[in-house]
Visitor: 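Here you go, one structure.
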Amino acid sequence: CALHVICCNAGQFFSSGHTNNWAVLVCTSRFWFNYRHVANTLSVYRSVKRLGIPDSHIVLMLADDMACNHRNPKPATVFSHKNMELNVYGDDVEVDYRGYEVTVENFLRVLTGRLPPSTPRSKRLLSDDRSNILIYLTGHGGNGFLKFQDSEEISNVELADAFEQMWQKRRYNELLFIIDTCQGASMYERFYSPNIMALASSQVGEDSLSHQPDLAIGVHLMDRYTFYMLEFLEDIHPASKTNMNDLFKVCPKSQCVSTPGHRTDLFLRDPGSVLITDFFGSVRKVELTMDAINLTDPIKQMEENPVNGEEQKEVYSYADQLPVSEIIHQKPKQKDWHPPDGFILGLWTLILLVFFKTYGIKHLKHIF
Amino acid sequence: MTPYGSSSLAGSTHDALTRKSTTASRKMAAHRCSCSSWLFILFSLSVFVVADIHETTPVNDHHGGADHNAQTAEQTADQPAVEGRRWEATEVKEAATVDAAADTQGTSAPETVVPSSVPQPKDDFQEELVIRPLHSGDIYASFQFRTLWDTDFMRENKVSHYRLFPKSLGQVISKFSVRELHISFTQGYWRTMQWGQPFIPSPPGAELWVWFQDSVTDVDATWKELTNVLSGIFCASLNFIDSTNTVQPSASFKPLGIGNVTDHSFLRYATLPREIVCTENLTPWKKLLPCGSKAGLAVLLKSEKLFHSSFHSQAVHIRSVCQDWQCKTTSWELRQTVNSVFDLHNSGQAKREWSLFKMFSRTLTEACPLASSSKLYIDITDNPQGEQFELSPATSLLSQAVVLGDRRTFSVYDLTQETTFGSVRSLNLLIRWKSNEGEMLRPLLHAERYVAGYGLQTGEIHTLMYNNHPYRSFPVLLLDSVPWYLRLYIHTLSVTSKGKDNKPSYIHYEPSKDRVKPHLLEMLIQLPPNSVTEVTVQFERALLKWTEYPPDPNHGFYVGSSVISSLVPSTVAMDTNSTRERPLFSSFFPCKEESSYFVRIYTEPLLVNLPTPDFSMPYNVICLTCTVVAVGYGSLYNLLTRSFQIEEPNPGLAKRIANVIRKMRGVPPL
């Protein structure tokens with residue numbers, strides 16, 4: 001019966017056209033007073049993780065350590081609500097890029113996949129043309145740029161070009177871009193690649209405002225837009241049918257003070273048919289096969305060669321941790337080859353001998 | 001590894017382990033009957049010779065036989081000081097050296113009775129927690145988890161089946177041909193003067209040192225790749241380790257595992273003193289444990305409590321150790337440690353009372369089912385009669401171990417025994433202090449370091465090393481790795497103790513290269529008894545390029561801790577037999593001679609200010625230049641290139657209309 005239901009719904013089942021989900025969540029601000037930006041990013045992290053995207057598919061970038069900051073009165077926690085109601089840091093967070101690693105260069109390299117070969121998998125965005133990617137950015141920005149670490153910035157043109165490169169390299173199927181920063185709408189103005197939906201917390205000329213001041217921690221805990229988005233996301237569960245139009249309605253001007261914006265002209269599907277879980281969750285699609293697979297082929301046991309010659313093995317021993325006499329009598333290493341001193345002395349003697357043989361002592365005055 | 005997978009595995013291995021141990025002990029019992037008379041003589045001899053080691057039967061050995069119990073009874077009768085307390089044997093293989101043949105039989109017995117057709121490489125997991133109440137009122141908690149595996153990662157065919165050993169680290173070992181790997185993440189500084197010596201020392205920040213196999217051809221490239229991979233495994237910024245902070249010590253950091261060649265060109269050492277340590281580092285660390293944080297002692301590792309401490313250090317040590325007493329075959333040892341110092345006044349609300357629950361917000365309910373031994377040790381050396389503090393629930397099981405040159409007494413709670421948890425099925429250990437006073441033995445060796453001088457041009461690094469031993473001098477090996485942007489004036493290096501010049505017997509100095517490699521200074525110094533030895537060296541601060549500064553240069557730049565390795569005279573005879581079964585906390589550093597023990601201490605890292613430029617200056621310059629160009633040059637250019645013409649006055653409306661009409665007529669306009 002369950003099989004039947006799945007068969008009949010198959011058309012709708014694969015309609016979204018993606019098979020895997022990825023998330024790149026970036027907080028670009030350093031310093032303690034930007035606690036709220038870390039909390040923003042972590043609250044999105046918490047939501048996507050709760051909705052099923054595994055840590056291996058999340059690239060989390062936090063520009064500073066707030067959880068174990070010395071100013072944090074409750075170490076190893078980051079709260080998103082005042083009165084310390086919700087710890088978004090959790091007990092099993094995995095931060096992939098942190099501190100000084102969060103740079104414009106690294107961010108663009110992660111997006112475009114142009115990383116050094118020895119970069120570990122957890123620091124890569126290994127998406128393909130069937131991936132839906134959620135990109136969330138938060139920090140301090142202005143008209144057309146977003147500051148990283150208070151020392152460099154990414155412009156909206158650079159970001160648009162990075163997305164185009166991703167599209168040309170078939171690194172995404174659909175991309176949802178969310179930014180919570182001042183004048184956030186300016187960041188998605190220049191996008192030109194297909195299948196991108198973008199949301200921002202404020203229009204050009206508007207500031208994004210903070211929320212939830214906490215007296216014990218001493219700073220604002222969150223930004224308004226992400227706070228209400230988190231509230232919205234907390235109600236989502238993997239099977240919920242909430243669509244993007246509901247997300248666009250999050251945080252009206254009465255709550256946000258700024259005007260959240262969104263852009264859907266590059267996106268091919270109707271936002272009303274796009275589920276929130278298409279980007280924020282990883283709902284596994286299961287494909288069934290009726291073919292029989294033969295598993296009877298015996299698994300070959302690796303035959304261990306018996307270790308022969310037990311007696312010829314040398315006896316190991318622990319090294320002396322501070323072999324004083326050995327250290328003192330260590331010979332300094334000769335770096336380059338140097339001709340022996342005797343050879344050089346002999347050479348000079350030969351030269352002098354030849355000289356005196358040829359000229360004799362009486363011609364010395366002509367030379368000097 | 002999924003939790004489901006591990007739990008199902010846990011059940012089966014638990015069965016296998018118990019089965020194995022019962023058969024083994026049955027064999028042991030049989031063997032013991034045959035040569036019980038021999039043992040009896042041996043035991044009685046050992047009682048007389050080593051009177052202070054209270055040697056009895058192992059705790060978990062319940063199949064010992066009647067004659068064995070009789071021995072124990074006799075022995076306890078010999079020592080009336082021990083009333084009603086059981087002593088755990090810390091040195092199980094006392095008879096090993098005498099009765100070698102019997103011992104081989106004993107150790108090889110479990111391997112032969114494994115009921116599988118294919119001989120599996122043997123692996124073993126142990127966990128232990130040592131709690132030591134410190135005189136400052138703080139609590140030192142040291143977790144150690146050890147996984148042993150009798151396998152060879154360097155074989156031709158890859159090791160593919162992993163059981164207790166984490167696969168991620170096993171692959172790292174075989175891919176990068178690692179011989180030994182030591183990595184630690186530490187937050188806070190270990191205060192040797194107040195807390196004594198830790199079981200396993202570590203410097204603030206991250207520390208990584210690796211010995212590669214001698215088959216590695218390009219050590220530097222392998223090292224770089226390895227740091228990248230480890231940064232992914234441990235969620236840390238270890239990829240910042242490059243040639244500018246890597247050194248190759250010439251005498252420090254000998255391998256801790258077994259092996260017969262030590263060529264220091266295969267050693268790399270690096271520290272990142274600024275590395276932050278938080279939950280994201282603990283999460284992958286916990287995932288390496290066979291039971292994760294689901295069972296056993298690791299359930300206590302809650303990040304919210306663990307990072308709310310004065311000192312926190314987590315480490316992973318991989319090395320090869322002897323498989324048996326003959327030491328002809330090696331097995332790999334993975335040792336995971338967490339060391340924490342909890343501030344009592346923080347958690348106890350000024351009441352000198354402490355419990356497992358208060359410290360970790362958890363109690364213990366079970367041992368890790370995969371562990372062959374799971375023990376909780378409480379250091380009660382300073383509290384033999386219970387006058388300092390009171391321990392509840394009380395345990396009758398005691399153990400002694402020689403650790404860091406001192407013989408310590410511990411109360412032992414064996415978590416594999418059901419009785420430990422009592423009727424409430426959980427163990428919540430409680431320590432209640434009775435008195436505040438208590439004199440702490442000053443550690444024989446400690447060190448400190450600071451930067452002197454003023455201004456942003458030069459400075460001086462002072463390293464002070466204290467030898468508190470009243471009459472013995474001992475050697476220390478000082479290792480300093482200073483980044484290139486502090487230019488050391490090596491001619492100003494001076495070592496003085498007691499006002500006199502102290503000439504180091506060995507100096508190794510590698511000068512730095514700008515933006516390529518750091519300074520490395522190693523010195524072997526003999527510390528006179530009861531003295532302070534001061535090492536000073538002056539330096540100049542370099543001016544960096546403006547793109548080389550971090551985003552917050554005003555914070556300053558860190559210089560990693562100095563490493564001081566030393567052979568400190570021991571008050572008791574150290575145990576030089578490294579293959580003997582010992583508690584984990586006392587078996588990390590191998591010991592070569594009985595009279596001294598090896599200790600490694602770290603000084604404080606330094607925070608040095610470098611001259612920082614005004615970073616808004618380029619912006620100012622650009623603004624000013626643009627203004628000058630726009631106003632000055634622009635107006636001049638404008639004047640020079642413009643041609644001036646007299647503008648005709650605008651014709652009136654009538655005239656324009658007339659012109660339009662004239663145009664239509666084809667007549668020239670007015």
Side-chain angles (χ1 to χ4, degrees), chain A residues 30-31 55 60 62-65 67-69 74-77 87 89-101 103 116-124 148-152 301-304 307 310-311 313-324 326-330 332-333, chain B residues 118-119 157 160 187 224-225 228-229 231-233 235-237 239-240 250-251 254-260 262 274-280 283-284 286 302-304 306-308 320 322 326-330 475 477 505-506 508 524 549-552 565-567 578 589-590 592 598 600 615:
Chain A
R30 200 172 187 82
F31 306 119
D55 258 324
L60 179 61
L62 297 180
D64 205 353
D65 166 48
C68 290
N69 198 302
K74 299 264 293 174
T77 56
N87 175 17
Y89 201 59
D91 209 23
D92 55 348
V93 67
E94 282 184 21
V95 185
D96 301 308
Y97 287 81
R98 58 179 194 172
Y100 296 142
E101 286 176 278
T103 57
S118 60
T119 311
R121 287 178 73 90
S122 65
K123 293 190 167 192
R124 286 169 184 269
F148 268 67
Q149 303 254 5
D150 220 17
S151 68
E152 52 179 354
Q301 289 281 354
M302 291 293 267
E303 273 304 315
E304 298 252 343
V307 184
E310 187 76 38
E311 66 285 340
K313 275 194 178 172
E314 52 182 341
V315 175
Y316 295 106
S317 64
Y318 285 95
D320 200 349
Q321 289 301 306
L322 191 63
V324 175
E326 193 184 301
I327 292 171
I328 293 173
H329 299 116
Q330 224 176 84
K333 267 185 220 155
Chain B
V118 182
N157 49 345
S160 54
Q187 194 184 48
K224 183 69 205 150
E225 255 179 72
N228 274 336
V229 168
S231 82
I233 293 178
C235 281
S237 315
N239 47 328
F240 282 127
S250 69
K254 296 279 177 194
L256 285 171
I258 52 174
N260 292 342
T262 51
R274 206 183 169 174
E275 185 69 14
I276 44 178
V277 185
C278 212
T279 312
E280 65 255 29
T283 311
K286 282 197 282 199
K302 291 266 171 197
S303 61
E304 280 168 46
L306 217 52
F307 291 101
H308 206 160
S320 48
C322 297
Q326 284 176 316
C327 218
K328 283 186 173 171
T329 42
T330 63
L477 183 63
S505 38
Y506 170 76
H508 174 80
L524 186 71
Y549 286 96
D552 51 349
S565 318
S566 176
L567 283 176
S578 48
F589 288 116
K592 279 278 174 181
F598 179 78
R600 183 169 286 149
F615 288 102

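First the proteins, then the strands, lettered A, B, ... as listed; each starts at 1. Just so it is clear, the values below take in all heavy atoms, side chains as well, and ignore hydrogens, waters and symmetry mates.
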Visitor: Taking the side chain as C-beta and beyond, is there a heavy-atom pair between B/Val229 and A/Pro120 under 4.5 Å?
Guide: no

Visitor: B/Ile233 versus chain A, heavy atoms under 4.5 Å apart: side chain, backbone, both or neither?
Guide: neither

Visitor: Is the shortest heavy-atom distance from the side chain of B/Cys322 to the side chain of A/Tyr318 under 4.5 Å?
Guide: yes

Visitor: Between A/Glu152 and chain B, with a heavy-atom cut-off of 4.5 Å, which part of the residue counts as in contact: side chain, backbone, both or neither?
Guide: neither

Visitor: Among A/Gly99, A/Pro323, A/Pro75, single out the residue with the greatest number of heavy-atom pairs under 4.5 Å to chain B.
Guide: A/Pro75

Visitor: Start with the C-alpha distance between A/Gln321 and B/Leu256, add both sets of side-chain angles, then the distance that settles side-chain contact (heavy atoms from CB on, under 4.5 Å), and finish with yes or no.
Guide: CA-CA 8 Å; A/Gln321 289 301 306; B/Leu256 285 171; 3.5 Å; yes

Visitor: Could you give the distance from OH (A/Tyr97) to OG (B/Ser231), rounded to the nearest 0.5 Å?
Guide: 8.5 Å

Visitor: Please check if any side-chain donor atom of A/Glu101 sits under 3.5 Å from a side-chain acceptor atom of B/Ser237, or the reverse.
Guide: yes

Visitor: Is B/Glu280 salt-bridged to A/Arg98, cutoff N-O under 4.0 Å?
Guide: yes

Visitor: Distance from A/Asp55 atom CG to B/Cys235 atom SG, nearest 0.5 Å?
Guide: 7.5 Å

Visitor: Taking B/Gly259, B/Pro475, B/Ser565 one by one, which has the highest count of heavy-atom pairs under 4.5 Å against chain A?
Guide: B/Gly259

Visitor: Nearest 0.5 Å, what's the SG-OH distance between B/Cys278 and A/Tyr89?
Guide: 3.5 Å

Visitor: Measuring from B/Ile276:CD1 to A/Asp64:CG, what's the distance to the nearest 0.5 Å?
Guide: 6.5 Å

Visitor: Are A/Ile328 and B/Ser505 packed together at the side-chain level, in the sense that at least one heavy-atom pair is separated by less than 4.5 angstrom?
Guide: yes

Visitor: Got A/Asp150 and B/Pro551 here, is their nearest side-chain heavy-atom distance under 4.5 Å?
Guide: no

Visitor: Determine whether the side chains of B/Thr283 and A/Asp92 contain a donor N or O and an acceptor N or O closer than 3.5 Å.
Guide: no

Visitor: Return the option, out of B/Thr262, B/Leu477, B/Asn239, with the maximum number of heavy-atom pairs under 4.5 Å with chain A.
Guide: B/Asn239

Visitor: Most heavy-atom pairs under 4.5 angstrom with chain A, which of B/Gly232, B/Ser566, B/Ser320?
Guide: B/Gly232

Visitor: Hey, does A/Asp91 have a side-chain heavy atom less than 4.5 Å from the side chain of B/Lys286?
Guide: yes

Visitor: Identify the heavy atoms of B/Phe307 and A/Ala76 that sit nearest to each other, and give their distance.
Guide: CD1-CB, 3.9 Å

Visitor: Go through A/Gly90, A/Ser122, A/Ala63, A/Ala319 and name the one with the most non-hydrogen pairs under 4.5 angstrom from chain B.
Guide: A/Ala319

Visitor: Could you look at A/Thr77 and say if it's the side chain, the backbone, both or neither that has a heavy atom under 4.5 Å from chain B?
Guide: side chain

Visitor: Check each atom of A/Phe148 against the heavy atoms of chain B and say whether the ones under 4.5 Å are side chain, backbone, both or neither.
Guide: neither

Visitor: Please look at B/Tyr506 and chain A and tell me whether the side chain, the backbone, both or neither of the residue comes under 4.5 angstrom of a heavy atom of that chain.
Guide: side chain

Visitor: Does the side chain of B/Asp552 pick up a donor-acceptor pair with the side chain of A/Tyr100 at under 3.5 Å?
Guide: yes

Visitor: Using non-hydrogen atoms only, which part of B/Leu524 is less than 4.5 Å away from chain A: side chain, backbone, both, or neither?
Guide: side chain

Visitor: Hey, could you give me the OH/OG distance between B/Tyr549 and A/Ser151, rounded to the nearest 0.5 Å?
Guide: 14.0 Å

Visitor: Under a 4.5 Å heavy-atom cut-off, does chain B meet the side chain of A/Asn69, its backbone, both or neither?
Guide: neither

Visitor: Using heavy-atom distances under 4.5 Å, tell me whether B/Phe240 contacts chain A through its side chain, its backbone, both, or neither.
Guide: side chain

Visitor: Nearest 0.5 Å, please: how far is CG in A/Asp320 from CG in B/Leu567?
Guide: 7.0 Å

